[in-house]
Protein chains: 2
Amino acid sequence: MSGGGKKVTIRDVARRAGVSPTSVSLVLSGKAASLPEATRERVRRAAQELDYRADLLARSLVTRRTNIIGIVVPDLTNPFFAEAVRHIQPALAERGYDVILCNSEERAENDLRYIRLLAGRSVDGLLLAPSAEAFTEPYSRTLRKLLGELGIPYLFFDRYFEDEPWVAVDNEGSSLLAARYLMEQGHEKIGVITGPLSLNSSRNRLAGVRRAYAERGLCLRSEWVYEGKYDIATGSAGCAELLGRGVSAVFAFSDMQAYGVYAGARRAGRRISADLSVMGFDDSVFSSVLEVPLTTMRQPVRQIAEEACRVLLARVESGETLRPQNFAAQLVLGKSVAALPHEREREKSSQ
Amino acid sequence: MSGGGKKVTIRDVARRAGVSPTSVSLVLSGKAASLPEATRERVRRAAQELDYRADLLARSLVTRRTNIIGIVVPDLTNPFFAEAVRHIQPALAERGYDVILCNSEERAENDLRYIRLLAGRSVDGLLLAPSAEAFTEPYSRTLRKLLGELGIPYLFFDRYFEDEPWVAVDNEGSSLLAARYLMEQGHEKIGVITGPLSLNSSRNRLAGVRRAYAERGLCLRSEWVYEGKYDIATGSAGCAELLGRGVSAVFAFSDMQAYGVYAGARRAGRRISADLSVMGFDDSVFSSVLEVPLTTMRQPVRQIAEEACRVLLARVESGETLRPQNFAAQLVLGKSVAALPHEREREKSSQ
DNA sequence: ATGACTTAGTAAAACGTTTTACTTCCCCTT
DNA sequence: AAGGGGAAGTAAAACGTTTTACTAAGTCAT
């Protein structure tokens with residue numbers, strides 16, 4: 001291992017440029033307004049010749065800023081979070097921040113542990129999508145207390161408390177659109193597979209469905225609602241249950257669940273679309289390659305990610321609390337939702 | 001923002017325990033063999049009462065260790081890497097290391113940029129899966145030179161140079177198994193969709209296929225080999241191309257590509273299995289929910305991830321270079337590979 | 001009584017920056 | 001000639017640890 005000899009410090013640069021370390025620091029951080037260009041140039045050249053790179057640890061020790069943002073997500077193998085992180089990281093890198101990533105594996109205990117750990121690393125800010133568990137007592141109380149004590153700017157994304165700063169898709173509005181679309185296709189018995197109802201995202205999406213029902217003067221029967229997790233297994237199990245309750249369509253609150261519904265329907269001998277309509281939420285990359293492409297609500301993940309960075313950094317750098325923009329998901333038509341027969345008849349006769 | 005008043009330093013603890021900061025440091029890091037238990041206890045209590053947490057920045061500045069490992073992956077939305085990171089992170093956390101994650105987006109320029117940036121953060125080690133581009137000139141030269149100069153322990157995973165330390169699945173052996181299986185099912189015209197051939201993983205998998213052909217005294221025709229990327233689009237494009245060349249089966253070097261093959265076959269009016277057999281590589285979570293579940297080679301991602309951590313930390317902590325274990329992928333039977341008619345006949349008649 | 005150990009501790013340097021509070025010199029105004 | 005004010009810098013403190021090299025006091029064998 002070479003290591004390349006001793007480390008080049010600011011002192012070495014100072015010596016070579018014939019100035020004090022102070023001046024080097026000033027010049028290199030662009031605060032040397034008072035120094036003449038000649039000196040600045042000399043310092044810059046010396047730094048370049050020695051390939052000097054400031055030691056970020058030493059800098060952070062004195063400035064109390066690390067330029068690191070901590071991220072906690074519940075499940076990296078969930079395409080939504082993978083994609084979110086994928087967009088967040090370069091958005092932050094561009095502004096000079098690095099990312100320490102933690103995966104809580106949907107366990108509140110890990111959320112707390114990782115947040116403490118990130119605080120111990122003096123991160124400048126936290127981007128949080130806690131586990132579903134973390135929104136239940138006693139975890140939620142502990143979590144909020146902890147965040148209060150730490151004094152580190154934080155922002156929730158995708159999963160949130162209503163009274164804390166957050167960025168997420170417009171859950172209610174988006175699922176209202178989805179449910180309306182299903183109803184326009186003639187479905188009035190729509191099974192719903194939700195995520196954990198401890199999550200606002202799930203509750204709000206459910207509220208959207210209820211609103212769609214209400215608009216038609218109907219009511220969502222509680223036996224058509226299946227609460228689960230945002231995973232494939234939930235989709236299969238939910239499908240099995242809902243099929244027995246006579247629904248003509250299933251609205252899954254994530255594409256992962258929708259994939260499970262596909263599997264469940266197949267197992268029950270039902271064809272997607274022909275026998276059972278399916279609506280997803282997310283528009284994961286796999287949805288379009290399915291034999292029956294999934295009709296789903298596309299989350300603008302990239303925009304959400306970038307907005308989250310923008311809002312968090314505003315808090316970090318100037319303490320302002322921006323009002324985050326709202327993002328609507330967009331209906332992506334696949335082939336998994338069929339118009340119901342009588343509805344089709346009506347369309348025909350109206351031509 | 002509360003912030004909770006002034007920061008508690010080692011001096012505060014020292015004052016309260018009535019000893020010097022030196023002693024506190026010694027006790028808290030367990031190196032105070034010479035101090036009597038009474039004193040140690042006093043120090044520990046004082047630390048606890050004040051809720052003292054050592055400032056990791058200050059510590060790192062003097063110890064020159066950060067307990068951070070930098071990871072660079074080419075694409076987080078690829079389930080293989082998402083899962084790998086998911087396993088790596090807790091494996092490292094368990095041993096006291098945090099992870100700074102970077103996503104190169106398959107661009108060599110970013111590989112280099114991020115490695116420099118991680119070095120600037122004084123990470124203790126690097127876990128690298130560079131972009132395909134990084135294995136071509138001039139990037140590969142630059143990359144290796146850079147790593148040599150930095151003097152930071154590193155380990156390649158999944159993607160590697162033969163003469164550098166790495167951990168990965170046994171590519172050649174695994175694809176040999178896959179190809180043998182296809183041949184046992186009667187396929188002798190197997191189209192292959194590879195990843196970038198700049199990658200050892202792709203080349204070695206291809207070598208495995210060639211060996212399987214050789215075992216039967218046959219030869220893999222070059223027109224049956226389609227080089228692409230490890231993504232869905234490549235799968236579709238490759239499928240279209242290979243179908244025109246009369247293959248009865250396609251071996252895709254990743255499940256993502258296999259999904260593309262499914263889509264491509266559908267577009268061409270061919271049924272998976274009945275008209276075209278498909279073999280994948282990875283066993284991503286979606287493969288089992290497909291209408292025709294994918295037959296694929298399961299990579300032991302978790303084991304690879306944990307082995308990578310073990311080997312890297314050995315280098316970091318004691319400078320030893322362990323010989324990494326070899327991992328074979330395992331055949332997972334779906335329904336995407338059919339036995340060819342004449343083969344089926346033979347089986348029947350032999351009963 | 002001496003020297004050699006051991007025990008219980010500490011003072012101060014070091015890590016590599018940034019930042020604060022100066023100093024020195026020169027020019028300009030009155 | 002005195003004083004003000006900018007220009008061009010710098011010395012030293014500070015950030016919060018760890019580590020090195022010591023001290024002071026007591027114990028024990030000779």
Side-chain angles (χ1 to χ4, degrees), chain A residues 3-44 46-47 50-68 96 119-124, chain B residues 3-44 46-47 50-68 96 119-124:
Chain A
K6 293 299 308 158
K7 191 174 209 295
V8 177
T9 78
I10 203 170
R11 247 169 274 271
D12 300 321
V13 178
R15 202 169 310 126
R16 171 175 269 246
V19 296
S20 71
T22 305
S23 297
V24 176
S25 171
L26 257 23
V27 169
L28 263 28
S29 59
K31 290 177 200 144
S34 75
L35 299 190
E37 178 56 24
T39 309
R40 281 189 270 175
E41 185 49 31
R42 205 150 26 95
V43 167
R44 278 193 292 260
L50 295 176
D51 190 32
Y52 167 73
R53 300 159 185 271
D55 184 319
L56 300 188
L57 290 169
R59 173 181 296 167
S60 293
L61 182 57
V62 36
T63 60
R64 302 277 80 193
R65 306 269 328 278
T66 51
N67 278 44
I68 295 182
R121 290 238 176 255
S122 309
V123 297
D124 291 340
Chain B
K6 293 298 309 159
K7 190 174 210 291
V8 177
T9 77
I10 203 170
R11 249 169 273 270
D12 300 321
V13 178
R15 202 170 308 125
R16 172 175 268 246
V19 297
S20 70
T22 306
S23 297
V24 175
S25 172
L26 257 22
V27 169
L28 261 30
S29 59
K31 292 179 198 142
S34 75
L35 300 189
E37 179 54 25
T39 308
R40 280 187 273 176
E41 185 49 32
R42 204 148 27 93
V43 168
R44 278 193 291 259
L50 296 176
D51 190 32
Y52 167 73
R53 299 158 187 272
D55 183 318
L56 300 188
L57 290 169
R59 174 181 295 167
S60 292
L61 182 58
V62 36
T63 61
R64 304 277 77 194
R65 305 272 325 280
T66 51
N67 279 43
I68 295 182
R121 291 241 177 253
S122 309
V123 297
D124 291 340

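Note that the coordinates shown come from a computational prediction; the quantities given were computed from them, not determined experimentally.
Not counting sequence neighbours, the partners of B/Arg16 by the side chain to side chain donor-acceptor pair (under 3.5 Å) test are B/Glu49. Under the rule for a side chain to side chain contact (heavy atoms under 4.5 Å, CB included), the partners of B/Thr66 that lie at least two apart in sequence or sit in another chain are A/Leu57, B/Ser60, B/Ile68, B/Ser122, B/Asp124. By the side chain to side chain contact (heavy atoms under 4.5 Å, CB included) test, B/Ser25 is found to be paired with B/Ile10, residues two or more places apart in sequence or in another chain being considered. With sequence neighbours excluded, no residue forms a side chain to side chain donor-acceptor pair (under 3.5 Å) with A/Asn67. Applying the side chain to side chain donor-acceptor pair (under 3.5 Å) test to B/Arg53 and every residue at least two apart in sequence or in another chain returns B/Asp51. When the side chain to side chain contact (heavy atoms under 4.5 Å, CB included) test is applied to B/Leu56, the partners found at least two apart in sequence or on another chain are A/Arg121, B/Arg59. In this structure A/Ser29 satisfies the side chain to side chain contact (heavy atoms under 4.5 Å, CB included) test together with A/Lys31, sequence neighbours excluded.
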### Full working for side-chain contact (heavy atoms from CB on, under 4.5 Å) between A/Thr39 and A/Ser23
CA-CA 9 Å; A/Thr39 309; A/Ser23 297; 5.7 Å; no

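Scanning residues 9-28 of chain B for heavy-atom distances under 4.0 Å to DNA chain D yields B/Thr9, B/Ile10, B/Arg11, B/Thr22, B/Ser25, B/Leu26. Using a 4.0 Å cutoff on non-hydrogen atoms, the parts of residues 57-66 of chain A near DNA chain D are A/Leu61, A/Val62, ordered by number. Residues from residues 35-44 of chain B that place a heavy atom under 4.0 Å from any atom of DNA chain C, listed by number: B/Leu35, B/Pro36, B/Thr39.
Taken over five-pair windows at either terminus, the axes of the helix from C/dA1-D/dT30 to C/dT30-D/dA1 are inclined to one another by 60° (rounded to 10 degrees).
Between B/Val19 and B/Val43, the shortest heavy-atom contact is CG2-CG2, 3.9 Å. Closest approach of B/Ala47 and B/Val13 over heavy atoms only: N-CG1, 3.8 Å. A pairwise comparison of heavy atoms in A/Asp12 and A/Lys7 identifies OD2-O, 3.6 Å as the closest pair. Considering every non-hydrogen atom in both B/Tyr52 and B/Thr9, the closest pair reads CE1-C, 3.6 Å.
Extent of DNA chain D lying under 4.0 Å from chain B heavy atoms, first and last nucleotide in 5' to 3' order, is D/dG16 to D/dT20.
With hydrogens and angles ignored, the 3.5 Å screen pairs a side-chain donor or acceptor of A/Arg42 with a backbone N or O of A/Ala17.
Taking OG of A/Ser20 as the reference point, atom CZ of A/Arg11 lies at 10.5 Å (rounded to 0.5 Å).
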